[in-house]
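Step one of this worksheet: look at the structure below.
Note on naming: letters A, B, ... go to the chains in the order of the sequence lines (proteins, then strands), and numbering restarts at 1 for each one.
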Amino acid sequence: MRPVQTIHALMLALAATLGANAGAHAAGKLTVYTYESFTAEWGPGPKVKEAFEKECACTVDFVAVADGVALLNRLKLEGASTKADIVLGLDTNLTFEAARTGLFAPHETDVSAVKIPGGFEDDVFVPYDYGYFAVVYDSEKMKDPPASLKALIEGDPGEKIVIQDPRTSTPGLGLLLWVKSVYGDDAGKAWEKLKGRVLTVTPGWSEAYGLFTKGEAPMVLSYTTSPAYHLIADKSDRYKAASFDEGHYLQVEVAARTVNGAKNPLSAQFLKFMIGTAFQDAIPETNWMYPAAATSAPLNPAFDQLVKPAKTLALAPQQVFENRKNWIDEWLLAMSK
Amino acid sequence: MPFRARQLSGILALVLLSLLAGGALMGLVFEVLGGVGGFTGFDSYIWRIARFTLLQASLSTLLSVILALPLARALHARPDFPGRSMILRLFALPLALPALVAVLGITSIYGRNGLLAAGMAYLGMHQIPDIYGLTGILLAHIFFNLPLATRLILASLDTIPEDYWKLAAQLGMSEPTRFRLIEWPAILRNLPGIAGLIFMLCVTSFTVVLTLGGGPRATTLEVAIYQALHFDFDIARAVALTLLQLALTLAILAFLGLAGRPTEEGQTFRTTTRRFDDPERATRLFGSVLIACGFLFVAAPIAGTVVSGASADFGRLLFEPVVWRAIMTSICLGAAAAFLSVLLALALVSSREHVATARGYGPARPLERVLDLGASLILVVPPIVIGAGWFILSRHYVDPFSLAPVMVVAVNAAMAVPFAFRVLRPAWDTMAARNNRLCAQLGIAGWTRFRLIDWPGLKRSLGAAFAFAMALSLGDLGTIALFGNDTVQTLPYLLLQRMGSYRTADAAGLALILGILCMGLMMLADRAQGDADAGR
């Protein structure tokens, strides 16, 4: 026996005697792994939990990690012994990789209620919301915002934009894919040109948006729905999203059952509940994204004022998975010149 | 204490620290051996960022220490300077601030929309200050480390016995002579350690480097480690990069170790800030200007934070139970980490001194060097690596989330040990040099000695070390972010959560609360020191 295995066996024995059996499902309990902003007290989590618990007469246990990427990492680390029944919060850039782990089970749910621009079909993952990446600008400082990605790239280098790093953040990767889907093989050249306009590249969304609201730059990479927050919560229309002619890159957030979770009847019930009105009603003004299915009432009028992309851009999850590393290298090369 | 016990206590502390870091690395290595995929080697990208990491860290360290030297001297020469104790408390604050808060504070002064830009525009200058790049990184690192270096150098100067100043005044020593013969040896004793500590803090810089660096040319190894572990889930690469970071840092520390010559401690009894030299007007004026500049440099970005924090809706914020829970969680975890940290640091400090005393006048022995710098190495093992490693080790046996509070306390305590060590060492070494022979003669040892002899003299430094360690733990995020769940929400965690969901004003308000908490802590520590002084 190798030493690792010995320690392993000893610790297992210890755990067993302590009665800390992690695998079993308690009766009437659903464990949902998700990201932190979902379970925050202003997030959709509390509302969703209350509504589903009323419906199923069970307990919902949220386990929150930092973000969608951390969610997949956590699942990979836990492997088949995971306690998660449902994993909620992956986006379409991660689904291919997630499916390859073999840890997820088909949803076996009627998803005809789901309406995603450009359509969405998957046996495993069920979408619960979506949004578009957009350049958000400060209308007090910028009277003439760029009307296309091309205009952004070729515009006045004195008017700066703050973007996120594709090596460490989801929006950063989003912009990378956006430029890729518009410029294809010329993406590197586009980045070289855009570089002059980039004030700085932050590790995450918070740093970029913080610098933007501090007035360090008149533009930031965010979502088309960002202005809705300022309209509803701050009663301000100062921050607007710029509509781009080439279209906007789509982000779809999804949930799925784990293989373990498929044995728990509550998991199928939850996926069905997720695309119903009780869940979807909570999404727009807590997660600040568009609902993936019908809500019981029309959205807050603020959402009508938002940019509605003429064209939806999205690359296939498999293509993203296979090329991400090369594309990031291309970005690094162009941005480091 | 018996002859071997003290040496052992230090070694035990080191073993605990290396177990924390080494265990995590082992956990990751086993995972790789278990078939996650091997390590493919370093590419030119890694060497480029390694070079940048070392460059920015060396420059940051050099500038912080060079600027701190005259500032600490000026502060030492002017114990009566108005507001001096407030300035020193303020100097503990930057380390307690989450990097993002500090970065925003710095841009509110030096940024394109900052106070400086506004001032320049007012004066009719049309140039917009551009700090994004190496300038911004250095600015932020000096903001973090100049106050730290100043406090630590000041602690070294405080160990110079009163009689030296008396004698220097009697002999009519000139300012440069006094510096060369009296102050420099006292500073030099601790300088390699101080520089090493700052160097390690800058090596592992992440948010500051990316956010103010202006683009991916400014990337540190820490960023690559985070990318490998978080985004690419390439454990082998993360381990290899961590080892590279450790090796490079060790090489620099070894170089610093060679630069620092060991000197002897003074052996007089009293430690005091009273000085008998009567500096000239010009010197005094220069000192005042220096202190004012140092104060402004540190205070301005903090003031920037305070101003944006003051606009927060405190009426609502202070009535949110979740805010109070976070404050309590932060205080409890911080206090536990600080206590553990001071205990470990004390073991290391006393053990190092014991070994050093035993060797007499010869060159430092390896064990002494290891005890001096070894503990600091924990700083260059990224918290995310420690977190992931222990997660892997523990996942089959316990619920990793239930481990969160333990991990947070352990990692924060470990990360604060190097700081507590630097605060304690000058005081401990001085006490030992003064009392060792007398105690040996009188046969006072062990607990009795600690209680009767060491404790009264060490109280101040222990209080300061505790406050420092706790301030550091209050600001930490690294571990929480990985293990964090809804049951362990600390103040900085809550702050970043609000920041990440458009609630910028709330976040600024929480930063202000964090800052006030930290200042309060420093005032308590000073109060305790004041009592200690009165009791003498």
Taking every heavy atom of A:Asn73 against every heavy atom of B:Leu229, the minimum-distance pair comes out as ND2-O, 3.6 Å
Return the CZ to CE distance between B:Arg217 and A:Met335, rounded to the nearest 0.5 Å. 9.5 Å
So, the part of A:Lys325 with a heavy atom under 4.5 Å from chain B: the answer is neither
State the CD1-CG distance between B:Ile235 and A:Leu77, to the nearest 0.5 angstrom. 6.0 Å
Please flag which part of B:Tyr132 lies under 4.5 Å from any non-hydrogen atom of chain A: side chain, backbone, both or neither. side chain
Who wins among B:Gly213, B:Ala507, B:Ser308, B:Gly500 for the most heavy-atom pairs under 4.5 Å with chain A? B:Gly500
Any idea which of B:Val103, B:Leu210, B:Ile128 has the most non-hydrogen atom pairs under 4.5 angstrom with chain A? B:Leu210
Under 3.5 Å side-chain donor-acceptor pair for A:Ser226 and B:Tyr502: yes
What are the two closest non-hydrogen atoms of B:Met499 and A:Trp205, and how far apart are they? O-CZ3, 3.6 Å
Side chain, backbone, both or neither: which part of B:Leu212 has an atom under 4.5 Å from a heavy atom of chain A? backbone
Test side-chain contact (heavy atoms from CB on, under 4.5 Å) applied to A:Arg167 and B:Thr219, step by step: CA-CA 11 Å; A:Arg167 293 172 294 175; B:Thr219 296; 3.1 Å; yes
Determine which residues belonging to residues 106-113 of chain B lie within contact range of chain A, meaning some heavy atom pair is under 4.5 Å apart, and list them by number or answer 'none'. B:Thr107, B:Ser108, B:Gly111, B:Arg112, B:Asn113
Could you state the interatomic distance from CD (B:Gln497) to OG (A:Ser206), rounded to the nearest 0.5 Å? 10.5 Å
Where does B:Arg48 contact chain A at under 4.5 Å (heavy atoms): side chain, backbone, both or neither? side chain
Which atoms of A:Pro166 are under 4.5 Å from chain B, going by heavy atoms: the side chain, the backbone, both sets, or neither? backbone
For the OG1 atom of A:Thr168 and the NE2 atom of B:His230, what is their distance to the nearest 0.5 Å? 8.5 Å
Which value, rounded to the nearest 0.5 Å, describes the distance between B:Arg498 atom CZ and A:Trp42 atom CH2? 4.0 Å
Considering all heavy atoms, the nearest A:Arg324-B:Phe231 contact: NH2-O, 3.3 Å
Of A:Val162, A:Thr202, A:Leu211, the largest count of non-hydrogen pairs under 4.5 angstrom with chain B goes to A:Leu211
Can you confirm whether more than 12 heavy atoms, excluding those of B:Met26, are under 6.0 Å from its CE atom? no
Take atom NZ in A:Lys193; do more than 12 heavy atoms of anything else shown fall under 6.0 Å from it? no
What residue, out of A:Gly158, A:Ser169, A:Ser37, A:Gly43, has the most heavy-atom pairs lying under 4.5 Å from chain B? A:Ser169
Heavy-atom pairs under 4.5 Å with chain A are the metric here; pick the option from B:Gly215, B:Ala117, B:Ala505, B:Ser501 that has the most. B:Ser501
Which of residues 228-236 of chain A get closer than 4.5 angstrom to chain B, counting heavy atoms alone? A:Tyr229, A:His230
Proximal component of A:Glu41, with respect to chain B [non-hydrogen, under 4.5 Å]: side chain
Chain A interface, residue from B:Leu494, B:Val209, B:Asp232 that has the most non-hydrogen pairs under 4.5 Å: B:Asp232
Given heavy-atom pairs under 4.5 angstrom as the criterion, report whether the side chain, backbone, both or neither of B:Ile392 touches chain A. side chain
Side-chain touch A:Pro203/B:Val223, heavy atoms, less than 4.5 angstrom: no
Minimum heavy-atom separation for B:Gly114 and A:Glu216, please, with both atom names. N-OE2, 4.2 Å
Quick one: pull up CD in A:Glu36 and CG in B:Leu496 and give me the separation to the nearest 0.5 Å. 9.5 Å
